[in-house]
J.: 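Sharing a structure, written as structure tokens. Questions coming.
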Amino acid sequence: MMALLEIRDLYVDLGEFSLRGASLAVEKGKYCCLIGDSGAGKSILLETIIGSFNPLRGQILLHGQDITKWSPERRKMGIVYQDYMLFPHLNIFDNIAFGMKLQKMSRKQVKTKVCDISARLGIENLLHRDINTLSGGEQQRAALARALVADPKVLLLDEAFSALDVASRERMRSLLRQLVKDLDVTVLHVTHDMEDVWALADQVAVLHDGQILQTGSPEHVFNCPRPGFVAHFLGARNILQGRVLDCDPSGLTHIEAGKARFYSIDHAPVGQQILVSVRPEELGLAREQPRGTLRNHLPAEIVRMERRGPLVWVTGQADGFCLQAAVTVMGAREQDLKPGDTAIFSFSATSLRIIEQQKNAPSRILQDPPMAPRIIPQALVAD
Ligand SMILES: Nc1ncnc2c1ncn2[C@@H]1O[C@H](COP(=O)(O)OP(=O)(O)OP(=O)(O)O)[C@@H](O)[C@H]1O
């Protein structure tokens with residue numbers, strides 16, 4: 001299927017910062033979230049797609065047509081910024097109608113379109129109001145209406161929800177989800193909020209230092225992140241290098257990593273060197289190994305426990321492995337775990353994901369950098 005929006009090998013030079021060969025394709029009607037660290041170039045990429053920056057090299061394609069040199073107006077894309085950028089001297093109606101008036105559409109057409117989009121966004125009663133009398137959420141919907149009223153093929157959102165409180169964000173997500181479906185618009189949404197990704201995205205792309213390092217469905221990118229920046233950025237921690245020993249008739253892949261054996265439901269050829277990962281929140285901890293379950297188990301000495309919000313991060317070491325589990329405060333308290341204890345770190349075959357198949361890699365264990373064991377007061381876990 002041809003992508004509706006495609007960027008190919010895009011280079012933009014801004015002196016101190018460059019986009020360095022960014023490539024991405026988003027199919028018609030799909031919702032793509034663009035994530036990455038601060039300063040990665042996410043906003044620059046949106047601004048380049050909308051036509052504010054000229055690339056040195058590379059192409060921007062809309063339905064296969066090269067629009068790299070088109071003016072921003074001709075591209076007919078809508079954009080919503082974090083601070084909405086509404087015109088303070090115009091009321092809501094005139095803000096939404098602004099672009100259409102420039103295009104010299106008839107008053108009747110303008111009115112019909114403004115009323116339609118504002119009704120969809122639930123702001124039809126606010127059209128006469130000044131911008132400065134609106135709440136953040138209402139301004140946000142007005143900015144969205146302005147971006148959508150001209151039937152753009154592509155909607156670009158630059159951290160558009162970040163100024164809203166949690167409840168308003170949740171409402172905006174469900175409104176937007178329905179709206180983009182009804183209007184069949186293709187979306188590229190820059191966000192720092194993984195909730196946006198899980199609630200809205202069909203596709204996610206990870207940008208770092210001017211390059212898109214990985215793109216795919218949220219499930220794929222989250223569960224099988226590319227080792228290196230993407231894996232670390234998305235919170236993958238327990239990355240082990242191993243080798244496929246066997247694939248049994250039940251579909252389980254048997255993996256050797258150091259002296260340990262694990263099971264995964266992911267597949268790779270027998271003998272293949274691989275990297276596997278299990279997310280910290282998918283590791284359980286127990287004092288005794290449960291009997292008769294098909295979980296992966298690894299006894300390890302607890303070398304560090306650290307309270308982070310509602311979770312306790314527990315680091316264990318065994319046979320050169322360094323594993324991190326994020327367990328609930330209650331879970332840690334019930335097991336009465338403390339540094340120096342031996343605990344069974346366990347995880348299911350579905351949680352152990354093959355994130356890379358490697359060529360000519362020696363079998364060894366990748367570890368986090370050596371860490372001084374740190375003892376935390378038991379009170380930190382027990383409150
Ligand atoms: N007009 C400009 N000229 C030169 N450099 C710029 C310009 N605009 C932004 N930059 C720089 O380009 C880099 C990328 O900026 P950008 O705003 O795209 O990052 P971002 O990924 O959106 O970050 P954040 O998540 O913090 O908003 C930053 O180092 C920024 O200082």
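Note: hydrogens, waters and symmetry copies are ignored here, and every other heavy atom, side chains too, is used. Counting convention: from 1, in listed order, for ligands and their atoms alike.
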J.: Among S162, S43, G41, which residue places a heavy atom closest to atom 17 (O) of ligand 1?
T.: S43

J.: Pick from V26, T48, I60, T68: which one makes a side-chain contact (heavy atoms from CB on, under 4.5 Å) with I7?
T.: I60

J.: Taking both backbone and side-chain atoms of F17, is any N or O found less than 3.5 Å from an N or O belonging to ligand 1?
T.: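 It does not: no N or O of F17 is found under 3.5 Å from an N or O of ligand 1.
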
J.: Considering the heavy atoms of L14, write down every atom of ligand 1 situated less than 4.0 Å from one of them.
T.: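 Reading through ligand 1 atom by atom, the close ones are 2 (C), 3 (N), 4 (C), 5 (N), 6 (C), 7 (C).
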
J.: Among all protein heavy atoms, pick out the one at the shortest distance from atom 1 (N) of ligand 1; state its residue, atom name and that distance to 0.1 Å.
T.: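 Checked against all protein heavy atoms, atom 1 (N) of ligand 1 sits closest to F53 CZ, 4.0 Å.
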
J.: How close does the nearest protein non-hydrogen atom get to atom 9 (C) of ligand 1, and which residue and atom is it?
T.: I44 CD1, 3.4 Å

J.: Is it true that E47 lies under 4.0 Å from ligand 1, counting heavy atoms only?
T.: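 For ligand 1, residue contact (heavy atoms, under 4.0 Å) with E47 is absent.
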
J.: Pull out every atom of ligand 1 sitting under 4.0 Å from any heavy atom of E159, numbered as shown with elements.
T.: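 In order of number, 25 (O), 27 (O).
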
J.: Measuring from L121:CG to R146:CZ, what's the distance to the nearest 0.5 Å?
T.: 13.0 Å

J.: Once ring-ring contact (aromatic ring centres under 6.0 Å, His included) is applied, what residue pairs with a partner in residues 138-158 remain, sequence neighbours excluded?
T.: none

J.: Centroid separation under 6.0 Å, is that true for the rings of H254 and Y263?
T.: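 Close enough - the centres of the two rings lie under 6.0 Å apart.
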
J.: So, is the end of the R75 side chain (NZ or CZ) under 6.0 Å from the ring centre of W70 and within 45° of the ring's axis?
T.: no

J.: Per the ring-ring contact (aromatic ring centres under 6.0 Å, His included) rule, what does the pair list look like for residues 171-217, sequence neighbours excluded?
T.: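 For residues 171-217, and leaving out neighbouring residues, the ring-ring contact (aromatic ring centres under 6.0 Å, His included) pairs sorted by first residue read Y31-H189, F161-H189, W198-F222, H208-F229.
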
J.: To the closest 0.5 Å, what do you measure between CG (L34) and CG (L24)?
T.: 7.0 Å

J.: Ignoring hydrogens, tell whether any protein atom lies closer than 4.0 Å to atom 22 (O) of ligand 1; use the non-hydrogen atoms only.
T.: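 It does: a protein heavy atom is found less than 4.0 Å away from atom 22 (O) of ligand 1.
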
J.: To the nearest 0.5 Å, what is the distance between CG on L157 and OG1 on T191?
T.: 9.5 Å

J.: Kindly identify the option in G39, S38, G36, S18 whose heavy atom sits closest to atom 29 (O) of ligand 1.
T.: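 When every heavy atom of G39, S38, G36, S18 is considered, G39 comes closest to atom 29 (O) of ligand 1.
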
J.: Would you say D37 contacts ligand 1, with heavy atoms under 4.0 Å as the rule?
T.: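 It does; at least one heavy atom falls under 4.0 Å.
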
J.: Side chain or backbone of H192 under 4.0 Å from ligand 1, or both, or neither, by non-hydrogen atoms?
T.: side chain

J.: Please work out, at 4.0 Å between heavy atoms, whether the side chain, the backbone, both, or neither of L45 comes within that distance of ligand 1.
T.: neither

